[in-house]
Amino acid sequence: MSAEESPKRNSRKSVAFTQEQVVVDADGSVTMVASTADDTKETAMSHTPRTPPLSEALGAFTDAPAAAADDDAAAAATPAAEDDGEIDLSLLKKKKKKPKTEAAAEDGEEAAPAGGEDGVDLTMKKKKKKKVVKDEDEFAKKLEALKLEGKEGDEAAAAAVAGDADVQEGDMEKGTGIYQHDETKTINYDLLTERFFALLSQKNPDHASSGTRSYKIPPPQCLREGNKKTIFANLPEICKRMKRADEHVTAYLFAELGTNGSVDGSRRLVIKGRFQQKQIENVLRTYIIEYVTCKTCRSPNTELSKGENRLYFITCNSCGSRRSVQAIKTGFSAQVGKRRKNKV
Amino acid sequence: MSTQIENLKSYDPFAEADDDSGQTKQTQEYIHIRIQQRNGRKTLTTVQGIPSKFDHKKILKVIKKEFACNGTIISDSEMGEVIQLQGDQRSKIREFLTDSESGLGLDDKTIKVHGF
């Protein structure tokens with residue numbers, strides 16, 4: 001869903017910092033989603049249907065779920081809640097059509113509740129999106145919301161059938177509609193894949209989000225010391241996570257940033273020059289791609305060792321491949337600031 | 001019999017191959033584009049390792065005009081001639097180096113952009 005938003009970003013990032021998450025979308029594209037602190041996005045995603053046809057149908061129905069599905073539940077929640085009034089109206093209008101289309105939708109689901117009740121349900125759902133889902137109680141509510149979701153899906157299905165007959169619809173989670181067990185109609189590959197990913201992300205979020213693709217390290221903590229120095233506080237932690245020597249990472253950082261610096265008493269790195277956290281992140285990312293991940297199997301579980309000929313080798317612990325890496329070279333560095341005294 | 005086979009291979013393939021790979025490794029030179037911080041929010045961009053078949057002076061002249069920045073050529077004892085530009089010109093210079101029409105038309109793989 002955020003694939004359209006950041007087409008540039010997801011092409012490059014194979015390394016994630018922990019605030020971000022890799023989300024494998026229904027169409028197989030891997031996107032990075034910056035998960036907000038209160039998990040709003042997660043709940044919104046699990047609430048809203050992920051299939052394009054379904055959400056399209058929903059969009060025809062109401063624009064509030066579509067807006068929520070689009071992006072950023074937190075931002076969308078307030079206008080969506082305001083929209084509820086007209087949504088109800090449109091729902092009511094649709095309801096009138098409902099009885100005849102009910103038969104067309106070939107699922108054994110119960111009929112959707114009356115229009116007024118549905119409106120109430122919708123608002124309930126809105127509230128849930130804003131909440132942090134953490135404990136069991138909340139989870140139960142979530143399940144309830146999912147059921148609501150199912151009903152909506154059926155409604156959407158009914159609407160879709162009413163609109164044009166050849167759109168295949170059904171409830172993703174429950175396996176009703178076209179996904180019913182004894183259904184003989186052939187289902188599109190796309191729909192099945194979508195359902196697979198929807199179920200995967202719902203039941204096994206670990207598999208869907210943090211696959212082998214993303215490698216998470218704690219984000220670098222940058223503090224400013226005075227005006228001209230940056231302190232990189234959690235370098236030891238990051239190095240430990242990557243299983244690399246502090247010195248190696250430090251040397252790389254200095255070479256890439258074109259500066260120098262030192263390590264202070266509590267093993268924090270002091271870098272000369274002003275650097276944002278994002279800039280350090282970028283450099284760390286390139287470091288990981290260059291010196292940590294295995295090029296063959298992309299696993300970060302590797303070891304850096306000095307070979308026989310003063311060359312550094314990376315040995316992968318999961319696939320066993322071994323490759324040489326370039327030594328860190330500073331290259332040309334222009335002389336900045338005061339002139340060298342002993343220059344002839 | 002055996003002499004004939006020896007004649008067939010007029011050279012020792014392994015020795016040659018080793019020599020070749022060594023040579024290619026040396027000729028495989030990257031162009032490094034680096035950035036350096038100066039005081040304040042000022043930066044310098046250095047381009048190191050542009051092949052000597054190009055006239056550095058002319059390149060600099062074109063670049064200065066195109067990017068609207070100043071720059072010099074610094075001849076370093078180790079790195080050879082280095083083009084040094086004012087400001088962050090990394091993406092521009094990369095485009096310039098790879099552009100085959102109005103630039104040098106170099107291979108994108110030989111260029112390494114460093115920095116944040």
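Chain identifiers are assigned alphabetically (A, B, ...) following the order of the sequence lines, protein sequences preceding nucleic acid strands; residue numbering begins at 1 within each chain.
- Residue B:K64 qualifies as enclosed at atom NZ: its count of foreign heavy atoms under 6.0 Å is above 12.
- Within 6.0 Å of atom NZ in A:K243, more than 12 heavy atoms from other residues, nucleotides or ligands are found, so the atom counts as buried in its surroundings.
- Contact annotation for B:K42: neither backbone nor side-chain heavy atoms come within less than 4.5 Å of a heavy atom of chain A.
- Note: A:Q326 CD to B:Y30 OH = 5.5 Å, rounded to the nearest 0.5 Å.
- Rounding to the nearest 0.5 Å gives a distance of 5.0 Å between CD of A:E290 and NZ of B:K112.
- At most 12 heavy atoms of other shown residues, nucleotides or ligands fall within 6.0 angstrom of atom OH in A:Y312.
- Considering CD1 of B:I35 and CD of A:E256, their distance stands at 11.5 Å, rounded to 0.5 Å.
- Annotation: B:K57, atom NZ; neighbour count of heavy atoms from other residues, nucleotides and ligands within 6.0 Å does not exceed 12.
- Annotation: the span from A:T330 atom OG1 to B:H114 atom NE2 amounts to 10.5 Å, rounded to 0.5 Å.
- Residue B:E66 places its CD atom among more than 12 non-hydrogen atoms of other residues, nucleotides or ligands, all under 6.0 Å distant.
- A donor-acceptor pair under 3.5 Å is absent between the side-chain atoms of B:Q37 and the main chain of A:T259, judged by distance alone.
- Atom CD of B:Q36 is separated from atom CG of A:L257 by 10.5 Å, given to the nearest 0.5 angstrom.
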